[in-house]
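Have a look at the structure below before the remarks.
Below, all heavy atoms of this structure are taken into account, side chains as well, without hydrogens, waters or symmetry copies. Fair warning: this is a prediction, and the values are worked out from it, not measured in the lab. First listed ligand is number 1; within each ligand, the first listed atom is number 1. In what follows, residues are counted from 1 in the order of the sequence shown.
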Amino acid sequence: MGKIAPSILSADFSRLGEQIREVESAGADYIHIDVMDGHFVPNITIGPMIVEAAHSVTELPLDVHLMISDPDPFVDDFARAGANILTVHAETLNHVHRTIQHIRDKGVRPSLALNPATPLDVLDYILDDLDMVMLMTVNPGFEAQKFIPEVIPKIERLREEIDRRGLDADIEVDGGINPDIIGRVAKAGATVFVAGSAIFYSEDYEETIRLMRERIKDPE
Ligand code: DX5
Ligand code: ZN
């Protein structure tokens, strides 16, 4: 069954703890935390201190997405802060295998993210070592952007490859996911669904998450 990961980038930061508890009781599976450095992506957000704060208010696994040019020196900090999943971008790494092993050695589940235009073949020799692959469905940097439909066949191809190898790695999709699109990406083979604006800007978080689950199970 799919997992729903509300992205706190769309939360009200002046009452972040409350917002995290609200999506937790509305049925979220993970809390997605977007870390941006103003260099790899044109926006600056938050760091390990906020991850630590989030960790203190929720039981849910923290799904930490590093959109930073040089993630290696920060892996230990995010592990210590309480990250359960750490996603690094293939576009930022010179030594993908080393970074992935480093994350695993810290007791954190490693995940590799690919921007929309990054080809799947960067996964050829690392896929077996990953707990999750994140396929960006927008260009990273901001919430509330439009879903890029060209990623759908990419999700399908990755699903085929994961199944062909007999792996159980998740495929996470991130960017522009809402109740209207989620059925299509689930059908294509995604298993973890990040949603920022679609959840936090909705009237009723519980109802939005419920609707998303319904569409994952039964895509129209
Ligand atoms: C984009 C971030 C996403 C984003 C999701 O760079 O990685 O997690 O905040 O927000 P929505 O769901 O509004 O596109
Ligand atoms: Zn993200």
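- Under a 4.0 Å criterion applied to the non-hydrogen atoms of Val194, ligand 1 contributes the atoms 8 (O).
- Here the protein heavy atom with the shortest distance to atom 12 (O) of ligand 1 is Gly196 N, 2.8 Å.
- Considering backbone and side-chain atoms together, His65 places an N or O closer than 3.5 Å to an N or O of ligand 1.
- Note: an N/O pair closer than 3.5 Å links Gly141 and ligand 1 by distance alone.
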Discussion item. Assess the residue pair Glu143 and Ser197 against the criterion (side chain to side chain donor-acceptor pair (under 3.5 Å)); give the C-alpha distance rounded to whole Å, side-chain angles, the decisive distance to 0.1 Å, and a yes or no.
Written reply: CA-CA 7 Å; Glu143 51 152 0; Ser197 50; 5.1 Å; no

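- Considering only non-hydrogen protein atoms, atom 1 (C) of ligand 1 sits nearest to Phe142 O, 3.5 Å.
- Ligand-side atoms of ligand 1 in range of His32: 8 (O), range being under 4.0 angstrom from any heavy atom.
- Of the polar atoms of Gly175, none of the N or O atoms is found under 3.5 Å from an N or O of ligand 1, judged by distance alone.
- The environment of CZ in Arg98 is sparse: at most 12 heavy-atom neighbours from other residues, nucleotides or ligands sit within 6.0 Å.
- Close N/O approach between Met36 and ligand 1 is not found [any backbone or side-chain N/O within under 3.5 Å].
- Looking at Asp174 next to ligand 1, an N or O pair under 3.5 Å apart turns up.
- Counting the atoms of ligand 1 from 1 in the order shown, those under 4.0 Å from a heavy atom of Pro140 are 6 (O).
- Of all the atoms in ligand 1, the ones that sit under 4.0 Å from a non-hydrogen atom of Leu9 are 9 (O).
- Residue Arg157 places its CZ atom among 12 or fewer non-hydrogen atoms of other residues, nucleotides or ligands, all under 6.0 Å distant.
- Few gaps surround CG on Asp124; more than 12 heavy atoms of other groups in view lie less than 6.0 Å from it.
- Polar contact check, Ser197 against ligand 1: a nitrogen or oxygen pair lies under 3.5 Å apart.
- The shortest N or O to N or O distance between Gly176 and ligand 1 is under 3.5 Å.
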